[in-house]
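Throughout, residue positions are numbered sequentially from 1 according to the sequence presented.
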Amino acid sequence: QVQLVESGGGLVQAGGSLRLSCAASVASGSIFSINAMGWYRQAPGNQRELVGMITSSRATNYADSAKGRCTMSRDNAKNTVYLQMNSQKPEDTAVYYCKADRVWNGSSSRLRVGTDYWGRGTQVTVSS
């Protein structure tokens, strides 16, 4: 019942920048907290790989390919995570997915927690 929706993908020239967003929501009740949110990517013929993760306290962890070029941030009040990608390379071309772990949601009378929620992805294409 937790839905993640990514946005911000598109076509960018090499060296350019993109900012991806991922908003979490639930069909009923509210989201109270999300332990960690992450960005992954999958290029054609490749396995899905981690780009970076950010905890509720905003501690971050990046894959080596993202260090120095990507910055993650989150707005806990909006249940939204962002991925700022700079100095884009053609090899960054992939579908980018958002993931949420340990999402506490529901109402005061019915509290739920779930994990490993994924969005449907947003395409990022970097042209040379």
Side-chain angles (χ1 to χ4, degrees):
Q1 64 277 16
V2 175
Q3 184 179 22
L4 301 178
V5 178
E6 302 98 335
S7 61
L11 176 65
V12 63
Q13 289 187 336
S17 299
L18 275 178
R19 188 190 193 211
L20 306 184
S21 300
C22 171
S25 63
V26 289
S28 62
S30 303
I31 292 176
F32 299 113
S33 67
I34 303 174
N35 183 30
M37 301 186 77
W39 286 98
Y40 291 73
R41 67 184 185 184
Q42 187 168 18
N46 290 355
Q47 291 185 338
R48 192 171 297 186
E49 63 179 11
L50 173 71
V51 177
M53 293 285 294
I54 184 168
T55 68
S56 57
S57 60
R58 298 181 174 82
T60 55
N61 180 36
Y62 298 102
D64 288 342
S65 60
K67 289 178 181 177
R69 299 189 300 125
C70 295
T71 303
M72 291 185 66
S73 60
R74 64 188 282 176
D75 185 333
N76 290 334
K78 296 181 179 180
N79 299 312
T80 300
V81 63
Y82 305 96
L83 177 65
Q84 177 68 42
M85 302 186 293
N86 301 323
S87 303
Q88 289 286 87
K89 304 175 182 178
E91 51 264 42
D92 293 323
T93 295
V95 178
Y96 284 69
Y97 297 92
C98 176
K99 181 175 182 279
D101 292 330
R102 292 192 66 78
V103 182
W104 291 87
N105 66 96
S107 64
S108 58
S109 59
R110 185 176 182 183
L111 189 62
R112 301 182 294 258
V113 61
T115 196
D116 291 337
Y117 295 104
W118 291 89
R120 292 189 174 185
T122 184
Q123 176 70 45
V124 172
T125 303
V126 184
S127 62
S128 57

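Contact record, Leu20 with Trp39: CB-CH2, 3.6 Å, taken as the closest heavy-atom pair. In terms of heavy atoms, Ala36 sits closest to Met53 at CB-CE, 3.7 Å.
Between Lys89 and Asp92 there is no salt bridge, since no side-chain N of the basic residue sits under 4.0 Å from a carboxylate O of the acidic one.
Side-chain atoms of Tyr96 never come within 3.5 Å of backbone atoms of Glu6 as a donor-acceptor pair (strictly under, hydrogens ignored). Here the side chain of Arg102 pairs no donor or acceptor atom with the backbone of Val113 at under 3.5 angstrom. Between the side chain of Ser17 and the main chain of Asn86, no donor-acceptor pair closer than 3.5 Å is present.
The side chain to side chain donor-acceptor pair (under 3.5 Å) check on Gln3 picks up nothing, with sequence neighbours excluded.
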Could you give the side-chain donor-acceptor pairs of residues 121-128 under 3.5 Å, partners two or more places apart or in another chain?
residue: Thr122; atom: OG1; partner: Gly9; partner atom: N; Å: 3.3
residue: Gln123; atom: NE2; partner: Ala94; partner atom: O; Å: 3.4
residue: Gln123; atom: NE2; partner: Thr125; partner atom: OG1; Å: 3.3

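No side-chain heavy atom of Asn79 sits under 4.5 Å from any side-chain heavy atom of Ser25. Asp75 has its side chain within reach of Tyr82: a pair of non-hydrogen atoms, C-beta onward, lies under 4.5 Å apart. The shortest distance between side-chain heavy atoms of Tyr62 and Thr71 falls below 4.5 Å. Using a 4.5 Å cut-off on side-chain heavy atoms (C-beta onward), Val51 and Met85 make no contact.
For Arg58, the CZ atom is densely surrounded, since the number of other residues' heavy atoms within 6.0 Å is greater than 12.
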